[in-house]
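Taking it in order: structure first as structure tokens, then the write-up.
Just so it is clear: chains get the letters A, B, ... in the order the sequence lines come, proteins before strands, and each one is counted from 1.
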2 protein chains.
Amino acid sequence: MHGKHASSFHENISKIRTLIVQAALEPGDRLPSERELAETLSISRASVREALRALSFLGIVETRHGGGTFLCEQDRHRYIEILSEFIVTKQTKASDIVDMLRLLERLALTEVEPTPERVALLEANVQTDRAFRQHLIFGLKNELFVRIWSEVNRFYDGTEAGDLYTEDERRRLLEMWRGAGMPE
Amino acid sequence: MHGKHASSFHENISKIRTLIVQAALEPGDRLPSERELAETLSISRASVREALRALSFLGIVETRHGGGTFLCEQDRHRYIEILSEFIVTKQTKASDIVDMLRLLERLALTEVEPTPERVALLEANVQTDRAFRQHLIFGLKNELFVRIWSEVNRFYDGTEAGDLYTEDERRRLLEMWRGAGMPE
DNA sequence: TTCTCTAAAGTGGTCAGACCAATTAAACAG
DNA sequence: CTGTTTAATTGGTCTGACCACTTTAGAGAA
């Protein structure tokens, strides 16, 4: 027997966070490279990457292709409290939820470039309301945005309210998007 | 042969979510195995895993070692649980906060009609970043939207990061808005 | 048959090495 | 010193393998 694989996903995250603390890294500083981390922590690079991806998703770390991995501003954020509050108290009007989703998704249309691939992707999913909206949102690269949308949308799903757009509306949105092309 | 890298992290998440919807999976159902997903979506298993990890963080999916990957129960409890977890970790990229605010405010410009009164109001406040943006947002009638913006912005204020736009930018936004005029 | 137990198959978790893509730093020419 | 080119660094993805855990199917005993 060999008892290897002593590492686990959460332990790896913990290791990296410990390393950040012990190295006295400050917001903006660059972490060791993934290869270096792998060797230092005695885990594979793939595991390092999964841990870093999680830290990135949590907003602790930021990666730049070819540049390195950097420590984010470690600020406390209230926005999740907001969402939890509005969910718990659920004083929110259902119509506000719908409006919110429509606004966010419409925003995605104005902010994301309508490349041929993206257009094709949406076109292929125009028949399914939820799939269509998901692809719309995930076009944005802002993870905070995706998270907020996910939570609001989950709430919406809980209401069993059916489709947010009709297929005609979705097709019209798609046309408008393709037609828009270039801002400024 | 190693060939193309047509995939990206966000696209992969999108693909998997689409697959979940199209397969009409219900909470508790098992997703295809990672290997199967990799082949179906034409991406590597490593990429599938990174995407699944993200979905796991979003509370959409749950993995069991040796058992499989399952769609989460989407009841309220689970959902509060996720939020509380986010609250505990309370980490978010500052850049995402900034992006979020800019997106929301830009959205307000496209959604709110530039009536003479509103234009005058913004013009009167164009010298102060905070006031300008606030009047922008309050043009939207969606309470949830305003609430989320308020909280996110409060956090932003906490960072003492200074103005979000320069005065020139604000003036340009104003001009763009006034020029846009009429939707549909 | 029915039950138990074991071996095999299936699935997520990890690892290793390779190549691609973007950035950065160094070497170079002017 | 400045701008350009080249090499090294680093994150992103792919492939294939093996480990650890779970589930399932089949063999064997009652």
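- Distance from the side chain of A:Thr63 is smallest to D:dG12 among D:dT10, C:dT14, D:dG12.
- Looking at B:Asp129 and B:Arg133, a side-chain N of the basic residue comes within less than 4.0 Å of a carboxylate O on the acidic one, giving a salt bridge.
- Salt bridge present: B:Glu167 and B:Arg171 bring a charged side-chain N and a carboxylate O closer than 4.0 Å.
- For the pair A:Glu50 CD and C:dT14 C1', the interatomic distance rounds to 9 Å; values are reported in whole Å.
- To the nearest angstrom, P of C:dT23 lies 16 Å from CD of A:Glu34.
- A sub-4.0 Å separation between OP1 or OP2 of C:dC15 and a side-chain N or O of A:Ser47 is present.
- We find that CZ of A:Arg64 is positioned 11 Å from P of D:dG11, with the value rounded to whole Å.
- Closest to the side chain of A:Ala46, from the set D:dT13, C:dG12, C:dC15, is C:dC15.
- Listed nucleotides C:dT11, D:dA20, D:dC14 differ in distance to B:His65; the shortest reach to its side chain belongs to D:dA20.
- Regarding B:Leu37, its CG atom lies at a distance of 16 Å from the P atom of C:dG10, rounded to whole Å.
- When the P atom of D:dT10 is taken as reference, atom CD of A:Glu62 falls 17 Å away, rounded to whole Å.
- The CD atom of A:Glu39 sits 20 Å away from the P atom of C:dT14 (whole-angstrom rounding).
- Around the CD atom of A:Glu123, the shell of radius 6.0 Å holds more than 12 heavy atoms that belong to other residues, nucleotides or ligands.
- Rounded to whole Å, the distance from CG on B:Leu41 to P on D:dT13 is 14 Å.
- In this structure, B:Glu36 atom CD and C:dA9 atom C1' are separated by 15 Å, rounded to whole Å.
- Between A:Arg178 and A:Glu175 there is a salt bridge, since a side-chain N of the basic residue sits under 4.0 Å from a carboxylate O of the acidic one.
- Heavy-atom distances to DNA chain D give each of A:Arg49 and B:Arg30 a nearest nucleotide, and the one nearer the 5′ end belongs to A:Arg49.
- At least one side-chain heavy atom of A:Leu52 sits under 4.5 Å from a side-chain heavy atom of A:Glu34.
- A donor-acceptor contact under 3.5 angstrom links the side-chain atoms of B:Arg45 to the base of C:dG13.
- For B:Leu31 and A:Phe70, each mapped to the nucleotide of DNA chain C holding its nearest heavy atom, the one lying further toward the 5' end belongs to B:Leu31.
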